[in-house]
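A short worksheet on the structure shown next.
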Amino acid sequence: MNLLSHPIVAIIFDMDGLMLDTERMAQRAWQRAGAEFGYDFSEEIYLHAVGRTAPATEALFRQSFGPGFPFEQIYARKQEYLYGAIDREGIPTKPGLLELLEWLDQRQIAKAVATSTARPLAMRKLTAAKLLDRFSAIVCGNEVPNGKPAPDIFLAAAQLLDVAPDACIVLEDSTAGIKAAHAAGMQSIMVPDLIQPTAEITALADRVLPSLHQVLELLNHSSTD
């Protein structure tokens, strides 16, 4: 049952789709904003953008819709709809998150967030979910040279925690995130949300688990082996 090649030193969490049940909320906002400008955001197109930074998302959408795609205008409208939904509905956390955070706190295991979301929206989401004070470090997609699947964001988080990359475990829901964790030399656990892992991603991840409840079980077993 032992997952780890090192003792549990630090856990780096993705945010959307891993801790926060926000991917469907963002998908609805993109689809609504796109429709106003005459663009149909299919699920297939949206899923390619999951886990990516805004610049990477822009490049993907221009590839799908053409170079004249008005990304800035649609992105701004999407943000309006998303902020409105957050204010109205709040942000639900994923099952097992709070128990996992409590377990890590009891053992004084360092925790960081590494999210492709830009800092203003990331801070708003974490505040709305009452999670902002649960982490020692937060690194956002607009704060590193290259977004996931490049390793930059995870290496930056490890540096802020003052922990070696190979002593970190990354929790992710996205293909781009698992690729980034592997490139950073970190162990990773995928908890799928909207995207099920391909054979390639299953091979890169150390584990694929159905929920954060199972992540807690695995870490608990690993820490006592």
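Atom set for the values below is all heavy atoms of this structure, side chains included, hydrogens, waters and symmetry mates excluded. All residue numbers refer to positions in the sequence shown, counting from 1.
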Can you tell me how far [atom2] of [Y] sits from [atom1] of [X], rounded to the nearest 0.5 angstrom?
X      : Y      : atom1 : atom2 : answer
Leu126 : Met19  : CG    : CE    : 5.5 Å
Ile86  : Leu20  : CD1   : CG    : 9.0 Å
Lys130 : Ile91  : NZ    : CD1   : 10.5 Å
Ile8   : Ile169 : CD1   : CD1   : 5.0 Å
Glu43  : Leu194 : CD    : CG    : 7.0 Å
Lys94  : Leu171 : NZ    : CG    : 13.0 Å

Tell me, please, which residues at least two apart from [X] pass salt bridge (Lys or Arg N to Asp or Glu O under 4.0 Å).
X      : value
Arg32  : none
Glu80  : Arg77
Asp152 : none
Glu143 : Arg119

Side chains of Ser174 and Asp14 only: does a donor on one sit below 3.5 Å from an acceptor on the other? no
For a salt bridge (charged side-chain N to carboxylate O under 4.0 Å, His left out) check, start with the C-alpha distance between Asp193 and Arg24, then their side-chain angles and the critical distance, and finish with the verdict. CA-CA 10 Å; Asp193 182 38; Arg24 293 161 186 83; 3.1 Å; yes
Does [X] belong to the same Ile/Leu/Val/Met/Phe/Trp/Tyr cluster as [Y], with side-chain heavy atoms less than 4.5 Å apart forming each link?
X      : Y      : value
Leu97  : Val191 : yes
Ile178 : Val113 : no
Val170 : Leu160 : yes
Tyr75  : Tyr83  : no
Ile138 : Ile11  : yes

Of all heavy-atom pairs between [X] and [Y], which one has the smallest distance, and what is that distance?
X      : Y      : result
Leu161 : Ala10  : CD1-CB, 3.9 Å
Ala184 : Phe154 : CB-CB, 4.2 Å
Leu60  : Ala49  : CD1-CA, 3.9 Å
Ile195 : Leu47  : CD1-O, 3.5 Å
Gly141 : Ile153 : N-CD1, 4.0 Å

Which pairs count as side-chain hydrogen bond (donor to acceptor under 3.5 Å, both in side chains) when at least one residue sits in residues 44-56, sequence neighbours excluded? Glu23-Tyr46
Pairwise side-chain hydrogen bond (donor to acceptor under 3.5 Å, both in side chains) hits with a residue in residues 84-93, at least two apart: Asp87-Arg124
Check whether any side-chain heavy atom of Ser188 lies under 4.5 Å from a side-chain heavy atom of His182, and answer yes or no. no
Is any side-chain heavy atom of His213 closer than 4.5 Å to one of Leu100? no
Taking it one step at a time, do Leu18 and Leu212 satisfy side chain to side chain contact (heavy atoms under 4.5 Å, CB included)? CA-CA 8 Å; Leu18 186 281; Leu212 294 175; 4.1 Å; yes
Residues in side chain to side chain contact (heavy atoms under 4.5 Å, CB included) with Gln196, at least two apart? Pro192
Under the side chain to side chain contact (heavy atoms under 4.5 Å, CB included) test, residues paired with Thr127 that sit two or more places apart: Leu132
Sorted by first residue and then second, give each ring pair (Phe, Tyr, Trp, His ring centres under 6.0 Å) pair with at least one member in residues 112-147; sequence neighbours left out. Phe13-Phe135
Salt bridge check, Glu172 against Arg207: does any charged N sit closer than 4.0 Å to a carboxylate O? no
Among residues at least two apart in sequence or on other chains, which ones pass ring-ring contact (aromatic ring centres under 6.0 Å, His included) with Tyr39? Phe65, Phe69
Under the salt bridge (charged side-chain N to carboxylate O under 4.0 Å, His left out) definition, can you give me all pairs with a residue in residues 107-117, not counting sequence neighbours? Asp105-Lys111
Enumerate the residue pairs fulfilling salt bridge (charged side-chain N to carboxylate O under 4.0 Å, His left out) with a member in residues 178-192, sequence neighbours excluded, ordered by first and then second residue. none
Does atom CD (Glu99) have a neighbourhood of more than 12 heavy atoms from anything else shown, all under 6.0 Å? yes
